[in-house]
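First comes the structure, then the notes that go with it.
All values reported here derive from a predicted model rather than from experimental measurement.
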Protein chains: 2
Amino acid sequence: MSAVTDPLVWEHVQPAAARRLLTGAVDAFAERGFQATTTRDIASRAGMSPAALYVHYPSKERLLFEISLYGHKAALDVLRSADTGPTPADRLRSLVAAFTAWHAEHHTIARVVQYELAALSPEHLAEVATIRRAISTQIEQVLTDGVAHGSFAVADLPGTTLAVLSLSIDVARWYTPHRGNPAALGKLYADLAHRMVQA
Amino acid sequence: MSAVTDPLVWEHVQPAAARRLLTGAVDAFAERGFQATTTRDIASRAGMSPAALYVHYPSKERLLFEISLYGHKAALDVLRSADTGPTPADRLRSLVAAFTAWHAEHHTIARVVQYELAALSPEHLAEVATIRRAISTQIEQVLTDGVAHGSFAVADLPGTTLAVLSLSIDVARWYTPHRGNPAALGKLYADLAHRMVQA
DNA sequence: GTCTATAGAACGATAGAC
DNA sequence: GTCTATCGTTCTATAGAC
């Protein structure tokens with residue numbers, strides 16, 4: 001079962017018809033991009049006529065926003081839950097493993113989250129940008145703590161924060177299920193990120 | 001002067017009208033994506049009517065292909081020229097510094113190269129895929145050499161190759177000129193990549 | 001080689017029946 | 001809440017004058 005079409009992921013979307021449209025939109029946006037996806041395509045993936053979409057969503061952009069907002073919240077939740085461990089090194093490894101595995105496991109949602117920001121309205125973009133800053137802060141804080149603790153050596157804090165995030169985010173670009181499993185990839189990337197900052 | 005609109009970069013495209021269309025297309029594709037860009041937009045950036053585009057290019061996709069093919073060749077050339085140094089560590093640092101700086105300096109071309117592959121025709125995609133494999137091989141070889149030399153410790157060779165490439169490629173997603181200069185970013189990333197694989 | 005004009009198709013979104 | 005039908009717009013690409 002694909003992570004994207006896993007109904008548990010979108011259980012909070014009601015009624016079922018709205019959920020079918022939303023999961024169809026995730027698959028289509030991830031596969032072809034927002035601009036190349038037609039409302040007819042989304043509706044037909046949900047087994048409905050083009051007009052039925054507008055009963056549940058006022059526009060194609062609103063559908064994108066619902067996906068992007070939920071995806072950003074889910075990614076931030078994953079990071080906040082993973083920020084545990086006795087040392088900064090343990091916390092960083094846990095953060096990177098979880099964030100990377102999420103991008104692999106949910107690579108279709110992640111692709112929409114990371115690569116379709118430009119298609120959002122200015123208001124909707126501002127809303128997800130707030131969450132993006134919180135995600136970045138979560139990584140930056142553990143690096144700061146590691147430097148204070150003496151276990152990390154970081155010459156450029158904002159630059160290294162961005163590099164650690166980059167490593168996980170880029171997974172959404174290339175990942176397909178046949179290219180390794182999310183947990184193993186998370187472990188590898190946790191190791192690589194730790195080595196990047198180790199004193 | 002923006003790297004993209006630097007006429008020296010596209011000097012080989014003749015006549016000048018074709019070059020103006022091509023640089024307009026690079027800017028538009030990088031800014032809005034291939035699907036969201038209209039032929040009218042490209043033509044107006046070149047100061048021409050929509051119809052004039054078709055005197056120089058048979059389709060919008062062909063314009064994308066010319067940009068993507070040239071961009072891939074330029075990226076591979078940068079890597080091949082940078083693969084120098086007495087030790088694998090020196091070579092890796094030089095490769096990552098050059099590849100990263102290229103993605104920053106030419107971030108608009110790089111964005112088209114890395115994020116618009118899905119809009120290419122199957123035949124054109126196959127052609128650039130050949131170059132992409134050569135790019136990947138260039139990094140993988142130096143990692144292999146470093147392991148044989150005893151200076152690198154790499155648990156997962158294909159996974160680490162991809163991670164090193166990811167770090168540079170993702171620069172195209174977020175880079176703007178106000179976020180640091182390409183050479184400094186290249187140095188930082190060379191250091192981070194080296195630490196990722198150091199024995 | 002550039003223009004104006006437009007063909008022909010597809011798009012997002014709406015109207016109104018059931 | 002779903003359908004069929006379609007509105008009004010916009011798109012890629014072409015025709016033909018200059």
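Residues B:Arg132 and B:Gln114 have side chains that bring a donor and an acceptor to within less than 3.5 angstrom of each other.
Side-chain proximity of B:Pro15 to D:dC3, C:dC3, C:dG1: nearest is C:dG1. Taking the side chain of A:Ala51 as heavy atoms from C-beta on, and the options C:dT2, C:dT4, D:dT4, the nearest nucleotide is D:dT4.
Between C:dT14 and A:Tyr54, no contact under 4.0 Å exists linking OP1 or OP2 to a side-chain N or O.
The CG atom of A:Leu120 lies 6.0 Å from the CG atom of A:Leu125; values are rounded to the nearest 0.5 Å.
Side-chain atoms of B:Ser166 and A:Trp174, non-hydrogen and from C-beta on, do get closer than 4.5 Å to each other. B:Ile135 has its side chain within reach of B:Phe99: a pair of non-hydrogen atoms, C-beta onward, lies under 4.5 Å apart. A 4.5 Å side-chain heavy-atom check between A:Arg179 and B:Leu162 finds at least one atom pair inside the cut-off. A 4.5 Å side-chain heavy-atom check between A:Arg32 and A:Asp41 finds at least one atom pair inside the cut-off. The shortest distance between side-chain heavy atoms of B:Arg62 and B:Ser121 does not fall below 4.5 Å.
Straight-line distance from the CZ atom of A:Arg62 to the P atom of C:dG12: 18 Å, rounded to whole Å. Atom CZ in A:Arg20 sits about 11 Å away from atom C1' in D:dG1, given to the nearest Å. With rounding to whole Å, B:Tyr57 atom OH is found 12 Å from C:dG1 atom P. In this structure, B:Gln14 atom CD and C:dG1 atom P are separated by 11 Å, rounded to whole Å. Here the P atom of nucleotide C:dA13 and the CG atom of A:Leu21 are 14 Å apart, to the nearest Å. The CG-P distance, from B:Asp41 to D:dC11, rounds to 9 Å in whole Å. In this structure, B:Lys60 places its NZ atom 17 Å from C1' of D:dT14, rounding to the nearest Å. Across the protein-nucleic acid pair, A:Leu53 atom CG and D:dC3 atom P stand 11 Å apart, rounded to whole Å.
Rounded to 10 degrees, the angle separating the terminal axes of the helix from C:dG1-D:dC18 to C:dC18-D:dG1 is 10°, with each axis obtained from five end pairs.
Heavy-atom minimum distance, B:Val112 versus B:Ala30: CG2-N, 4.0 Å.
Formation of a donor-acceptor pair under 3.5 Å by the A:Glu140 side chain with backbone atoms of A:Leu157 is not found in this model.
Across all strands shown, B:Ala52 has heavy atoms under 4.0 Å from sugar-phosphate atoms exclusively, and none from any base.
Near DNA chain C, meaning a heavy atom under 4.0 Å from it, residues 28-40 of chain A has A:Thr37, A:Thr38, A:Thr39, A:Arg40 in order of number.
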